[in-house]
Amino acid sequence: MDLEVKGVAASPRGQAELSSRGKKLSQGWKQATHGLRPADVPCLDLGKLGSSDEEDGDSYIPYSKRFPRIGPPDSSSTVSWGTPLQTPYAQHHQIQQLARKHCQKKMELSLEQKTIPENLPSPTDKYKLKYQQYEAEMKEGYKQYSQRTAEKKKNNAQSQESSRKTAHKKEDVAAERRKQTVVEQVMVDQLSRAVISDPEQSTNIGTYQRDRTFADLGTAPLRFRKRTLHETKIRTRSALTENVLSNKLRFDGRILSRNGRDACRELIGFFFMYDTSLTVYEYRQFGKNRTNALPFIQKGVYSHQHGQRKGQQYDLSDFYVGANLTFLSCNLSLPESIKQNPILTLRVTNIDEAAMDILKTTSVGIKQDITQQEIDESRVFKVVQGILKEKLSKRGVRVVTGLGKYFRELDRKRDGAFSKAVFKRALTVFHLEVPEKDFESLWLILDDNCNDEVDYGEFTRAIIGEMNEYRKAFVRKAYMKLDFNKTGSIPMVDIRKCYCAKKHSRVLSGDATEEEIKSSFLETLEDACSNSGEVSYCEFEDYYEGLSIGIMNDEDFVNILRNAWGI
């Protein structure tokens with residue numbers, strides 16, 4: 001191609017042809033750039049148009065052999081006659097792309113620098129009014145939206161609260177039905193053991209013995225006669241009726257035990273006024289559909305087996321929330337896990353206040369005054385607990401769980417009883433020093449049998465105190481939900497799955513994440529467990545016993561349990 005151009009330019013005719021072609025190219029250039037201002041079109045380096053097309057991704061347009069690669073015949077151009085040049089079509093296409101890029105840059109600059117049009121006429125009153133109406137509508141709409149959002153939040157909170165109250169009501173109704181079922185079972189059991197058909201059942205022994213002999217010579221022996229209910233004489237102390245048995249006090253109780261299965265037994269007791277006897281029933285569920293109320297402690301007259309009233313019979317003044325009822329386990333038909341301790345202690349958790357008021361008004365000489373010795377014992381407990389209260393306020397969970405683990409590791413005999421020296425050493429280890437005088441007074445109260453041994457649960461309750469029965473009811477409910485198989489221990493895997501920290505106060509305030517709260521809880525609980533893979537009831541209760549020390553309001557404590565375990 002280059003040889004052809006050189007050959008053409010060597011002759012005069014070829015030079016004329018080249019000049020005419022150059023004129024045509026210059027005319028095409030002018031037509032392509034017609035309508036563009038110099039400021040809009042930048043100076044082009046025609047020698048680089050080929051590379052620019054390649055960068056833009058344009059397809060390569062082959063050069064025609066008819067048009068030689070020459071530049072425009074412009075004297076101001078810096079391109080020599082031997083510079084390669086594209087066709088006019090390619091030039092026009094390139095110019096359009098450059099112009100498009102230039103316009104895009106100008107639009108971007110105009111967006112960055114907000115231009116305010118000048119010399120615009122002021123808006124009329126009509127458009128001002130429309131704008132004011134539009135602004136008022138927007139404000140009113142935003143206000144209504146805010147109100148709707150607040151109402152939705154309020155309704156959601158109310159619905160959650162109402163659903164929670166409904167669930168609580170259902171639980172209360174179910175609990176009341178269980179109690180009513182137990183009451184009916186007690187009435188059936190007691191009336192079925194008494195003879196109420198024969199009006200002469202309470203006659204004297206002589207008449208009863210005389211009836212067993214022949215009434216006269218014409219009467220056959222009793223064993224040969226047809227026996228009916230009215231002819232059968234059964235000796236009873238007195239006649240029982242439903243009215244007599246209805247004069248009773250109903251109370252709920254739990255066993256003070258470190259065994260989770262025994263501690264979570266649902267016990268309902270009855271104290272009868274006509275003979276000052278009592279009985280305790282257990283409400284048990286067999287499978288999903290079968291429930292039954294079974295006697296746990298048979299009906300009888302019992303007396304205190306521990307404390308200052310040891311040997312005295314139970315009366316109406318011994319029943320109140322938080323009272324302890326003690327029994328000799330060897331004299332009762334109880335499970336073997338309970339018989340390991342010679343004394344069975346029942347804690348009264350709830351009481352029928354309406355029945356108590358009626359019995360107090362109808363009974364005479366039942367109420368007993370608190371003795372001076374009991375007042376002194378209560379004062380000693382308060383003094384010791386007051387000394388340790390400040391020390392336990394900041395590290396209650398660690399101390400209570402640590403004490404429980406410490407005593408369980410020392411309990412080789414599995415009876416929970418320790419000497420005075422062991423308790424003193426434990427208080428020193430956990431930095432819970434008590435003045436010697438107060439400690440001796442406390443020990444005299446606890447060691448009423450004078451055998452130099454005290455149960456460590458009783459000791460810790462005396463020096464630290466314990467949460468009220470309202471809080472403990474929710475702790476037991478949470479544990480019973482986790483221990484659905486009633487085995488007395490919960491695998492740590494189930495604890496990890498069920499524990500929820502989404503509604504924890506620190507998570508809601510943003511001070512900690514949900515994972516941090518959960519890890520802290522699991523770490524503390526694992527440290528308190530003797531077996532890292534399982535959590536027993538006493539370990540679970542010790543954790544919340546220590547947590548309860550720093551929480552004054554009962555509802556705050558209950559909400560912690562509800563949010564964590566969904567009860």
Side-chain angles (χ1 to χ4, degrees), residues 145-172 174-175 260 264 393-401 467-487 489-529 531-567:
Y145 173 77
S146 302
Q147 290 177 354
R148 287 196 301 268
T149 305
E151 288 178 359
K152 284 182 180 179
K153 291 182 179 179
K154 185 178 179 180
N155 292 334
N156 290 336
Q158 289 179 353
S159 63
Q160 291 178 358
E161 186 66 23
S162 62
S163 62
R164 181 179 294 179
K165 288 182 179 179
T166 303
H168 294 167
K169 287 182 180 179
K170 290 182 179 178
E171 291 179 359
D172 295 340
C264 293
S393 59
K394 297 181 180 179
R395 53 191 183 97
V397 175
R398 296 285 183 179
V399 170
V400 176
T401 56
M467 54 180 151
N468 55 41
E469 293 302 322
Y470 177 73
R471 299 188 181 191
K472 284 204 174 184
F474 284 91
V475 174
R476 292 170 62 235
K477 189 180 294 185
Y479 189 85
M480 291 168 68
K481 180 180 180 180
L482 296 170
D483 186 21
F484 52 88
N485 290 326
K486 304 296 185 294
T487 59
S489 63
I490 306 171
M492 187 61 71
V493 178
D494 295 345
I495 296 286
R496 288 193 182 95
K497 289 180 181 178
C498 298
Y499 183 78
C500 178
K502 289 183 179 180
K503 296 183 180 181
H504 195 277
S505 59
R506 294 187 63 193
V507 174
L508 296 177
S509 63
D511 296 336
T513 63
E514 182 180 350
E515 191 61 31
E516 290 175 352
I517 297 297
K518 188 173 183 179
S519 300
S520 176
F521 168 76
L522 294 174
E523 180 184 357
T524 305
L525 194 60
E526 286 178 353
D527 292 343
C529 296
N531 185 1
S532 59
E534 292 182 348
V535 180
S536 63
Y537 174 76
C538 59
E539 293 162 349
F540 189 82
E541 187 184 39
D542 285 346
Y543 175 86
Y544 283 103
E545 192 76 62
L547 185 66
S548 176
I549 295 175
I551 302 175
M552 302 302 296
N553 192 356
D554 289 344
E555 292 302 325
D556 293 341
F557 180 82
V558 170
N559 287 332
I560 291 174
L561 285 165
R562 283 174 175 164
N563 296 333
W565 305 110
I567 57 174

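The basis for the numbers below is simple: all heavy atoms, side chains too, and nothing from hydrogens, waters or symmetry mates.
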Legend entry - Any side-chain heavy-atom pair of I549 and V400 under 4.5 Å: yes
Legend entry - Side-chain donor/acceptor of S519 to backbone N/O of E516, under 3.5 Å: no
Inset, instruction - Take the angle between the ring planes of Y537 and Y479 and call it parallel below 30°, perpendicular above 60°, tilted in between. - result: perpendicular
Legend entry - Check: R398 and T524 side chains under 4.5 Å, non-hydrogen atoms: yes
Legend entry - Rounded distance [0.5 Å steps], NZ in K481 versus SG in C264: 14.5 Å
Inset, instruction - Taking atom NZ of K502 as the centre, report whether more than 12 heavy atoms of other residues, nucleotides or ligands fall under 6.0 Å from it. - result: no
Inset, instruction - Look at the side chain of R471 and the backbone N and O of S548, then say whether any donor-acceptor pair between them is shorter than 3.5 Å. - result: yes
Legend entry - Carboxylate-amine/guanidinium proximity below 4.0 Å for E541 and R476: no
Inset, instruction - Tell me whether the guanidinium CZ or amine NZ of K477 lies under 6.0 angstrom from the six-membered ring centre of F474 and within 45° of its axis. - result: yes
Inset, instruction - Can you spot which of F540, Y543, W565 makes a ring-ring contact (aromatic ring centres under 6.0 Å, His included) with Y499? - result: W565
Legend entry - Pairwise side-chain contact, I551 with I560, heavy-atom cut-off 4.5 Å (strictly under): yes
Inset, instruction - Kindly compute the distance separating CD1 (I495) from CG (L522), expressed to the nearest 0.5 Å. - result: 8.0 Å
Inset, instruction - Measure the shortest side-chain to side-chain distance between L561 and I567 over non-hydrogen atoms and say whether it is less than 4.5 angstrom. - result: yes
